[in-house]
Undergrad: 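Below you'll find the structure I mean.
Every chain is numbered from 1 and lettered A, B, ... according to where its sequence line falls, protein lines coming before strand lines. Values reported hereafter were calculated over all heavy atoms of this structure, with side chains retained and with hydrogens, waters and symmetry mates removed.
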2 protein chains.
Amino acid sequence: MSDDQQKLARYAKALGHPVRVYVMQLLGQQSCCYSGDLSEELPIAKSTLSQHLKELKDAGLIQGEIEAPRIKYCVNKENWSEAQELFKTFFKI
Amino acid sequence: MSDDQQKLARYAKALGHPVRVYVMQLLGQQSCCYSGDLSEELPIAKSTLSQHLKELKDAGLIQGEIEAPRIKYCVNKENWSEAQELFKTFFKI
DNA sequence: TTCGTTGTTCGCAAAAATACGAACAATTTT
DNA sequence: AAAATTGTTCGTATTTTTGCGAACAACGAA
């Protein structure tokens, strides 16, 4: 069980929920977003959304920047690239 | 939250554990494998491994074929291709 | 038919994920 | 300073995941 397999599993796990996939896909289209934007579109409680964002942050896929009184979320490009590479290799693309 | 996002999340979830990534990666190199082969290489109980294989089977990523007294596991090519496409699009490769 | 091999299923336990509302904190607006 | 906005954290409950050993089932071999 290699290090890359561990990392891939970690990223996959973070993407293992529809809400989190949705968020990442949105951040692919528009570079940033705010929790409030998401909250309007998604049928979940704010606290639940916050937890999903935390999961993505903990996995390293996104990062938050304070822009008072809001928080601007963006893709963590470095880790996103890593995930991209890992999945690319995994699927032998 | 689209259907594709649901599917992607489902596949990602199935790949969200190192053991399961390991199994899929092995099946990428050699077309098939037996539970016994994996059991020797992985530091987990047979019953635990069996559960992980069931997860991959339930997600549609692998399929088992009886080859008494063993079970031959292979990649489910159709679903694997689907997953491949979904991730490809997701990562904009 | 009895034994051995292979792998699943069962029963259990502990940990993690999911989800919600209420309370809280930080900052801006009034 | 008071009120409004934004989003996190807390407390709680439910469900799912992970893991093990023991028991079981299916089949081939002796």
Undergrad: Which pair of non-hydrogen atoms, one from Ile71(A) and one from Tyr34(A), has the smallest distance, and what is that distance?
TA: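 What the structure gives for the nearest pair is O-CD2, 3.3 Å.
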Undergrad: Are Leu38(A) and Val19(A) packed together at the side-chain level, in the sense that at least one heavy-atom pair is separated by less than 4.5 angstrom?
TA: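 Of all side-chain heavy-atom pairs linking Val19(A) with Leu38(A), none is under 4.5 Å.
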Undergrad: Can you measure Leu38(A) atom CG to dT8(D) atom C1' for me and round it to whole angstrom units?
TA: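 Nearest whole value for this atom pair: 15 Å.
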Undergrad: I need the Leu27(B) CG to Cys32(B) SG distance, nearest 0.5 Å.
TA: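 Atom-to-atom, Leu27(B):CG and Cys32(B):SG are 7.5 Å apart.
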Undergrad: Arg70(B) CZ to dG4(C) C1': how many Å, rounded?
TA: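 So the two atoms are 15 Å apart, to the nearest Å.
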Undergrad: dT9(C) C1' sits how many Å from Lys46(B) NZ, rounded?
TA: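 So the NZ-C1' distance, Lys46(B) to dT9(C), works out to 12 Å.
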Undergrad: Return the CZ to CG distance between Arg10(B) and Asn79(B), rounded to the nearest 0.5 Å.
TA: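 It comes to 10.5 Å.
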Undergrad: How many Å lie between NZ on Lys54(A) and P on dA17(C), as a whole number?
TA: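 It works out to 11 Å between those atoms.
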Undergrad: What distance separates Gln84(A) CD from Phe87(A) CZ, expressed to the nearest 0.5 Å?
TA: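 Interatomic distance, Gln84(A) CD to Phe87(A) CZ, rounded to 0.5 Å: 11.0 Å.
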Undergrad: Can Val21(B) and Met1(A) be said to form a side-chain contact (heavy atoms from CB on, under 4.5 Å), step by step?
TA: CA-CA 9 Å; Val21(B) 169; Met1(A) 233 128 63; over 6 Å; no
Undergrad: Can you tell me how far the OH atom of Tyr11(B) sits from the CG atom of Leu56(B), to the nearest 0.5 Å?
TA: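 Taking OH in Tyr11(B) and CG in Leu56(B), the distance rounds to 11.5 Å.
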Undergrad: Heavy atoms under 4.0 Å, any strand shown: does Ser35(A) hit a base, just sugar-phosphate, or nothing?
TA: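 Sugar-phosphate contact only.
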Undergrad: Quick one: which of dT8(D), dA22(D), dC20(C) gets closest to the side chain of Ser47(A)?
TA: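 Ranking dT8(D), dA22(D), dC20(C) by closest atom to the Ser47(A) side chain puts dC20(C) first.
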Undergrad: Looking at Ser81(A) and Lys77(A), would you say the former's side chain and the latter's main chain have a donor-acceptor pair under 3.5 Å?
TA: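 Yes.
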Undergrad: Between Asp37(A) (CG) and dT5(D) (C1'), how many Å, whole number?
TA: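 Computing the Asp37(A):CG to dT5(D):C1' distance gives 14 Å.
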Undergrad: Using whole Å, what does the distance between atom C1' of nucleotide dG7(C) and atom CG of Leu53(B) come to?
TA: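 My rounded result for the distance is 10 Å.
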Undergrad: Find the distance Tyr34(B):OH to dA26(D):P and express it as a whole number of Å.
TA: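 The distance from OH of Tyr34(B) to P of dA26(D) comes to 21 Å, rounded to the nearest Å.
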Undergrad: Could you list the protein-to-nucleotides 14-18 of chain D atom pairs, N/O on both sides, closer than 3.5 Å?
TA:
unit_1: dT17(D); atom_1: OP1; unit_2: Lys13(B); atom_2: NZ; d: 2.8
unit_1: dT18(D); atom_1: OP2; unit_2: Arg20(B); atom_2: NH1; d: 2.9
unit_1: dT18(D); atom_1: OP2; unit_2: Arg20(B); atom_2: NH2; d: 3.4

Undergrad: Quick one, Phe90(A) and Leu15(B) - any side-chain contact, counting heavy atoms below 4.5 Å?
TA: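 Side chain of Phe90(A) against side chain of Leu15(B), heavy atoms only: contact under 4.5 Å found.
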Undergrad: Could I get a table of every N or O pair under 3.5 Å where one atom is in the protein and the other is in nucleotides 26-28 of chain C?
TA:
none

Undergrad: Atom CD of Glu65(A) and atom P of dT8(D): how far apart are they, to the nearest Å?
TA: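 After rounding, the gap between these two atoms is 14 Å.
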